[in-house]
Undergrad: 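Quick one: this structure, given as structure tokens, is what I'll be asking you about.
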Amino acid sequence: MSVLLTGGAGFIGSHTAVAMIEAGYDVIIADDLSNSSLKVIDRIEAITGTRPAFYRIDVADRAALEPVFQSNRIEGVIHFAGFKSVPESTRIPLKYYRNNLDTALTVLEVMEDYDCSAFVFSSSATVYGETNEAPFVETMPTGSATNPYGTTKLMIEQIVMDACKANEKLSAVLLRYFNPIGAHPSGLIGEAPNGIPNNLMPYITQVAVGQRDHLSVYGDDYPTPDGTGVRDYIHVVDLAEGHVKAMDYALRHTGAEPINLGTGQGSSVLDVVTAFEEASGIPIKREIVARRPGDIAVCYADASKAKRLLNWEAKYDLRDMCAHSWNWQKNNPKGYDD
Ligand code: UFG
């Protein structure tokens with residue numbers, strides 16, 4: 001059965017491609033490579049022994065996307081394609097609204113035209129906003145996101161829910177990711193941010209490999225056990241497995257289901273630094289600085305709905321996540337660049 005992964009060459013998309021191929025799906029990747037590399041396709045093949053079909057296209061371009069549906073009998077779509085930098089979205093909001101909404105709308109429209117009715121969306125815990133309190137449960141009202149990137153996730157969730165109400169054949173799972181880190185245990189695929197990383201783990205691994213001098217810890221005066229921000233870090237391979245289960249579910253049901261993908265465990269910034277130091281044997285120089293605007297104190301999932309509906313739960317712990325992130329970074333100090 002063929003499934004299209006838009007943005008399938010990215011960090012989460014590539015790990016999901018591996019998991020989907022291993023689960024027996026025929027994987028088709030559509031990616032414009034604006035924040036990824038063609039080498040990812042070779043690496044997916046090296047891991048799985050199967051080369052996914054690959055189309056270098058912008059999925060917001062209907063004329064480029066339609067032939068993909070014409071040449072393949074696509075039964076489901078996992079939609080990752082979109083811009084994801086929180087600070088950039090605050091600087092250039094229109095770019096984020098234009099791109100993230102356009103890609104989602106075009107994919108949904110083309111799916112309808114080609115009678116493809118299972119949709120899995122790459123959403124985010126950011127939809128819970130600032131006013132809900134962790135653990136975040138899917139029944140909570142979604143908040144107002146603290147940045148335009150987060151708002152695009154909220155808007156697309158709404159669009160998908162409305163589309164499912166209007167089209168009874170359509171089935172969607174809105175996967176609300178917590179904080180994906182780690183890498184494939186092979187060390188062949190992993191996170192390769194452009195420029196200075198915004199997120200904690202790639203920043204730590206770049207300090208470890210000597211590309212950055214020290215980690216800035218954004219605030220130690222939060223109401224948390226050690227004062228630093230608490231997040232629900234989840235291994236990207238567990239997350240990928242959650243997509244396989246979500247697609248299996250979407251193919252058998254109708255309607256729209258928001259589902260958290262997290263471990264249900266919170267870890268502070270300093271917990272992550274310590275776990276990384278233990279896993280890698282490398283001390284991480286750090287400096288406490290002011291809070292980062294828009295950050296909340298505590299964010300972790302109630303992960304019970306994923307267990308109940310998808311029979312999915314995370315298997316890897318924080319130490320594995322750190323060991324695999326380090327394995328990826330030390331084997332690929334420049335990411336996919338030569
Ligand atoms: N942090 C630092 N120093 C850094 C980077 C991060 O101290 O250099 C801290 C943050 O303040 C936060 C924690 O590490 O407490 C995690 O920060 P990340 O930037 O890695 O992740 P966020 O929780 O801010 O954001 C992530 C995703 C977003 C998504 C959000 C949902 O990157 O896409 O989770 O809650 F919207």
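First listed ligand is number 1; within each ligand, the first listed atom is number 1. FYI, side chains are in, hydrogens and waters are out, and symmetry mates aren't considered; it's all heavy atoms of this structure. Heads up: numbering here begins at 1 and tracks the sequence.
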Undergrad: So which bit of Tyr149 gets within less than 4.0 Å of ligand 1, heavy atoms only: side chain, backbone, both or neither?
TA: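 For Tyr149, the contact with ligand 1 is made by the side chain alone.
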
Undergrad: Which of the numbered atoms in ligand 1 are under 4.0 angstrom from any heavy atom belonging to Gly229?
TA: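 This gives 15 (O) as the contact atoms.
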
Undergrad: Report yes if Asp295 has an N/O atom closer than 3.5 Å to an N/O atom of ligand 1; otherwise report no.
TA: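 Between Asp295 and ligand 1, an N or O pair is found under 3.5 Å apart.
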
Undergrad: Do the ring centers of His243 and Phe80 come within less than 6.0 Å of each other?
TA: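 Between His243 and Phe80, the centre distance is under 6.0 Å.
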
Undergrad: Please state which option from Tyr203, Tyr300, Phe178, Tyr218 has its nearest heavy atom closest to atom 4 (C) of ligand 1.
TA: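 Heavy atom nearest to atom 4 (C) of ligand 1 belongs to Tyr218.
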
Undergrad: Is it true that atom NZ of Lys330 has more than 12 heavy atoms of other residues, nucleotides or ligands lying nearer than 6.0 Å?
TA: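 Atom NZ in Lys330 is packed in, count exceeds 12.
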
Undergrad: Please check if the number of heavy atoms outside Lys307 that lie under 6.0 Å from its NZ is greater than 12.
TA: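 Correct, the count exceeds 12.
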
Undergrad: Counting neighbours of CD on Gln265 that are heavy atoms of other residues, nucleotides or ligands and sit closer than 6.0 Å, is the number greater than 12?
TA: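 For Gln265, atom CD is not crowded (no more than 12 foreign heavy atoms under 6.0 Å).
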
Undergrad: Is Lys285 paired with Asp213 through a side-chain N to carboxylate O contact shorter than 4.0 Å?
TA: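 Result for this pair is yes, salt bridge flagged.
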
Undergrad: Could you find the nearest protein heavy atom to atom 22 (P) of ligand 1 and give me its residue, atom name and distance?
TA: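 Looking at atom 22 (P) of ligand 1, the protein heavy atom closest to it is Asn179 ND2, 3.6 Å.
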
Undergrad: Quick one: look at Val272 and ligand 1, take heavy-atom pairs under 4.0 Å, and tell me if it's side chain, backbone, both or neither.
TA: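 The answer is neither.
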
Undergrad: What protein heavy atom sits nearest atom 3 (N) of ligand 1, and how far away is it?
TA: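 Nearest neighbour among protein heavy atoms for atom 3 (N) of ligand 1, to 0.1 Å: Ser216 O, 2.7 Å.
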
Undergrad: If you count the atoms of ligand 1 from 1 in the order shown, which ones are under 4.0 Å from a heavy atom of Asn198?
TA: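 Close to Asn198: 5 (C), 19 (O).
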
Undergrad: Does ligand 1 have a heavy atom under 4.0 Å from the side chain of Pro197, from its backbone, from both, or from neither?
TA: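 Under 4.0 Å from ligand 1, Pro197 contributes no heavy atoms.
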
Undergrad: Under a 3.5 Å distance rule, please check whether Trp328 uses its side chain to pair with a backbone N or O of Glu191 as donor and acceptor.
TA: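 Yes: the side chain of Trp328 pairs with the backbone of Glu191.
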
Undergrad: Can you confirm, on distance only, whether ligand 1 has an N/O atom lying under 3.5 Å from any N/O atom belonging to Ser124?
TA: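 Not met; the criterion fails.
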
Undergrad: Give me the residue, atom name and distance of the protein heavy atom closest to atom 18 (P) of ligand 1.
TA: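 Here the closest protein heavy atom is Asn199 ND2, 3.5 Å.
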
Undergrad: If we count only N and O atoms by modelled type, under 3.5 Å, do the side chains of Tyr149 and Glu88 hold a donor and an acceptor together?
TA: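 Checked: Tyr149/Glu88 side chains show no N/O donor-acceptor pair below 3.5 Å.
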
Undergrad: Hey, looking at atom 12 (C) of ligand 1, which of Arg231, Lys84, Arg291 has the closest heavy atom?
TA: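 Going through Arg231, Lys84, Arg291 one by one, Arg231 has the nearest heavy atom to atom 12 (C) of ligand 1.
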
Undergrad: Around atom 19 (O) of ligand 1, find the nearest protein heavy atom and jot down its residue, atom name and distance.
TA: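 In this structure, atom 19 (O) of ligand 1 has Arg292 NH2, 2.8 Å as its nearest protein heavy atom.
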
Undergrad: What do we get for Tyr233 next to ligand 1 when only non-hydrogen atoms under 4.0 Å count, side chain, backbone, both or neither?
TA: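 Side chain only; the backbone of Tyr233 stays clear of ligand 1.
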
Undergrad: Say you draw a straight line from CD of Gln211 to CD1 of Ile196; how long is it, rounded to the nearest 0.5 Å?
TA: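 One finds 11.5 Å between CD of Gln211 and CD1 of Ile196.
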
Undergrad: Between His324 and His184, is the ring centroid distance below 6.0 Å?
TA: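 No; His184 has its ring centre 6.0 Å or more from that of His324.
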
Undergrad: Give the residue, atom name and distance (to 0.1 Å) of the protein heavy atom nearest atom 20 (O) of ligand 1.
TA: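 Result: Leu200 N, 2.8 Å.
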
Undergrad: Just heavy atoms, cut-off under 4.0 Å: does Thr126 contact ligand 1 by side chain, backbone, both, or neither?
TA: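 Looking at Thr126 and ligand 1, atoms from backbone and side chain both fall under 4.0 Å.
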
Undergrad: For residues Glu75 and Tyr25, is any side-chain donor paired with an opposing acceptor at under 3.5 Å?
TA: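 Short answer, no.
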
Undergrad: Which atoms from ligand 1 have a heavy atom of Val217 less than 4.0 Å away?
TA: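 What qualifies from ligand 1 is 7 (O).
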
Undergrad: Assign the ring pair Phe121 / Phe119 to parallel, tilted or perpendicular, where the plane angle (0 to 90°) is split at 30° and 60°.
TA: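 Plane angle under 30°, so parallel.
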
Undergrad: Does Gly150 have a heavy atom less than 4.0 Å from any atom of ligand 1?
TA: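 The answer is no: ligand 1 sits nowhere under 4.0 Å from a heavy atom of Gly150.
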
Undergrad: Under 4.0 Å between a Lys/Arg side-chain N and an Asp/Glu carboxylate O for Glu277 and Arg286?
TA: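 Salt bridge present between Glu277 and Arg286.
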
Undergrad: Considering only protein heavy atoms, which is closest to atom 9 (C) of ligand 1, and at what distance to one decimal place?
TA: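 Nearest protein contact, heavy atoms only, for atom 9 (C) of ligand 1 is Val269 CG2, 3.6 Å.
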
